[in-house]
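Data block below; observations after.
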There are 2 protein chains.
Amino acid sequence: MTTHGGASPSLIDVARAAGVSTATAGRALGGYGQVSERTRERVLAAAAELGYRPNGLARSMITGSTHTIGVVVADVANPFFATALSGITDVAQPAGFEVLLANTGGALAAEQRAVSVMSEKRVDGMIVAAAQPGEGTHLKHAMEAGVPVVLIDRQVSGVPEADSITIDNEHAAAEAVAHLLELGHRRIGVITEAGDQLARLRAGTRRRGLFPSAVRLRGYVRALDAAGVEVDEALVAPARYERGSAYDALLSLLDLADPPTAVLCTDNVLASGAYRAAQDRGLRMPEELSLIGFDDEPWTTLVRPELTIVEQPTYDLGARAGRQLLDHIEGERAGRAPQHIQLKAKLVARESTARPVAVR
Amino acid sequence: MTTHGGASPSLIDVARAAGVSTATAGRALGGYGQVSERTRERVLAAAAELGYRPNGLARSMITGSTHTIGVVVADVANPFFATALSGITDVAQPAGFEVLLANTGGALAAEQRAVSVMSEKRVDGMIVAAAQPGEGTHLKHAMEAGVPVVLIDRQVSGVPEADSITIDNEHAAAEAVAHLLELGHRRIGVITEAGDQLARLRAGTRRRGLFPSAVRLRGYVRALDAAGVEVDEALVAPARYERGSAYDALLSLLDLADPPTAVLCTDNVLASGAYRAAQDRGLRMPEELSLIGFDDEPWTTLVRPELTIVEQPTYDLGARAGRQLLDHIEGERAGRAPQHIQLKAKLVARESTARPVAVR
DNA sequence: CTGAAAGCGCTTACAG
DNA sequence: CTGAAAGCGCTTACAG
């Protein structure tokens, strides 16, 4: 039976009902220390009778561990983060850790607040996909307070001590472009959220503090450079993270005097907008245009032609981050140097890419 | 400056540094009680100096509130749950509540464990999409312990006191079928996860304890009944929650001696499998087959023909549940009867449905 | 194996 | 406005 009304029963109530001290009752229920079988049974019976639920807050305050990890992402509704999150929970929960989730909408202020609140709630560690790769002082503070942090999807400048699990985005984009080059394309366009950073990328060598989209753009440039194909700025079409914006971007590429014969879209939202634009223009793919997207979403094999894509190991990204963080929490990695793991993406060639037609 | 090494500073350290009692330091930092401006400044300065972070566990133990709500779903990677979850976080976070997430994989045992752990962590309330609508004693226990529970997506038998926010699935499916009937279809098939429950549904009147798929199947039956069209069991094709299974289900419907001219798929995974099967069969849609799916996913407007769908207010489902739970937590609904809100789904007619061809 | 006591880090009456 | 003391519900040495 459970007690109704009144406050929920505490260890004192159980101890009293079982005729033992709270220390003994705690040992019997908590599975620590030594208790005789006879006593244990009495305590368990009393606890069941009263509908006792241990208070995790009190326990955590003493043990110093909440068995909770914080996860901070920009948007859970985004399949990328949702999938990574499921990788995290699949690792954390069997290990006895719950997940405290914060959705920041990509706003730095929200992220700072979330990290701060999680620190106050005394999470045992945090996994964060940072909103601004350039700003990491809030993460640095958390680490200084003893909360291990694992970065996913993007590195952050100012927090070199944090482990990171990222996709090798530069290589992923380069491989996609190499695929197009092999097919014989020379006019290769790219639709990217980092359109404004072309100049900086070509100069700099920075690795941290860059958005994945910028790193992918660098891969595009690198692959062209390697093949001796000149990078034409007109072929770099900027777009916002929206289908409509990518739609317009593709149309503007097609309207060029010397339009591309192939286009790389640096994420799946941009790809869906571009795909749609190509359809609406009545372009035959892959004959008149080769198209490559990112992420193996369901729609990419439902459309005709099926879309050639770069497949990111998203679930694995989350699972690895979870494992890494648990190792930290359990002290497995004490004192070791931070690890920066790069996962490889995989090109999946399907129907939307082919040799360019000889004559346009 | 922050303190390095050693334990993180407590209120005692701050109080000592500021030359006041812990009570006063607490008042200055916690924003409760009265403190003189001068004292407040001294305390704040000391706290900043020491890098003080209040311990939320200690605070929660006293105040009795963790400002955390638990959310239990079967699969965060599923767009339906991911979207509902974002509705929840968007409501909870601005109100100062964090979300503790549990991913059960649809297993009842995992759900029971999650609910139990959340109770121990003293969440202020829970939102749960139950794995088994027929089994709710663990939820009943939580409510008896004073933790308000709001059910989403499905009602659960044995927990009538819990609020619920669901989609009016019966109406949603009925409307889809009515659309097909209006177009002139009489042989209307359905691909459903609840294929085995047809007989039970036609007899019973139970509302709780049913999976959404079963309720949708009932809507299908009801719409046909209302139109005086006989329900042909051969047109009810069972499938598992997988694209491949739905693929096979559509093919088996098409292979019938008297095949359907239209098919309703009761969720979006089934719809994608069926769509693919129709394509591979070389069927022209909507001329040779009309098809309706559930959920407005990106792919449904990327394929040709665009898919006619029933659009569920998924984000709103989550947001409403969040609001409802916060009202409970804040005592707004104390003593009132439980609310069972049904949200309406909306039929979005696109290109995959049309009049059946007169002669087959 | 068991218990009395201290203590985790706060907030809350209660005095002053 | 400020402080001394009690207490939230546990776990952990320390004795026995």
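Each chain gets a letter, A, B and so on, in the order the sequences are listed, and its residues count up from 1. Keep in mind that this is a model prediction, so the values were computed, not measured.
- Evaluation of the side chain to side chain contact (heavy atoms under 4.5 Å, CB included) rule for B/Glu41 yields B/Glu37 as partners, not counting sequence neighbours.
- A stem is defined here as three or more consecutive Watson-Crick or G-U pairs, each with both distances under 3.5 Å; for DNA chain C these stems are C:1-3 with D:14-16, C:5-12 with D:5-12, C:14-16 with D:1-3.
- Scanning for side chain to side chain contact (heavy atoms under 4.5 Å, CB included) contacts around A/Ala17 gives A/Ala46, A/Leu50, with sequence neighbours left out.
- A residue-by-residue look at A/Leu57 and B/Gly19 shows that B/Gly19 has its nearest nucleotide of DNA chain D further toward the 5' end.
- For the ring pair (Phe, Tyr, Trp, His ring centres under 6.0 Å) condition, the pairs that include at least one residue of residues 88-127 of chain A, sequence neighbours left out, are A/His67-A/Phe97.
- For A/Thr66, the side chain to side chain contact (heavy atoms under 4.5 Å, CB included) partners are A/Ser60, A/Thr68, A/Arg122, A/Asp124, B/Leu57, not counting sequence neighbours.
- Residue pairs satisfying the ring pair (Phe, Tyr, Trp, His ring centres under 6.0 Å) criterion with at least one member in residues 17-51 of chain A, sequence neighbours excluded, are absent.
- Rounded to whole Å, atom P of D/dG9 lies 12 Å from atom CZ of A/Arg16.
- Sorted pairs that involve residues 40-59 of chain A and meet ring pair (Phe, Tyr, Trp, His ring centres under 6.0 Å), not counting sequence neighbours, are lacking altogether.
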Quiz item: With the sugar-phosphate defined as primed atoms, P, OP1 and OP2, and the base as all remaining atoms, what B/S/- string results for nucleotides 10-16 of chain C, 5' to 3', for protein heavy atoms under 4.0 Å?
Solution: BBBB---
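- Using a 4.0 Å heavy-atom criterion, one finds that B/Thr39 contacts the sugar-phosphate atoms exclusively.
- Annotation: salt bridge (charged side-chain N to carboxylate O under 4.0 Å, His left out) contacts involving residues 94-111 of chain A, sequence neighbours excluded, comprise A/Glu98-B/Arg113.
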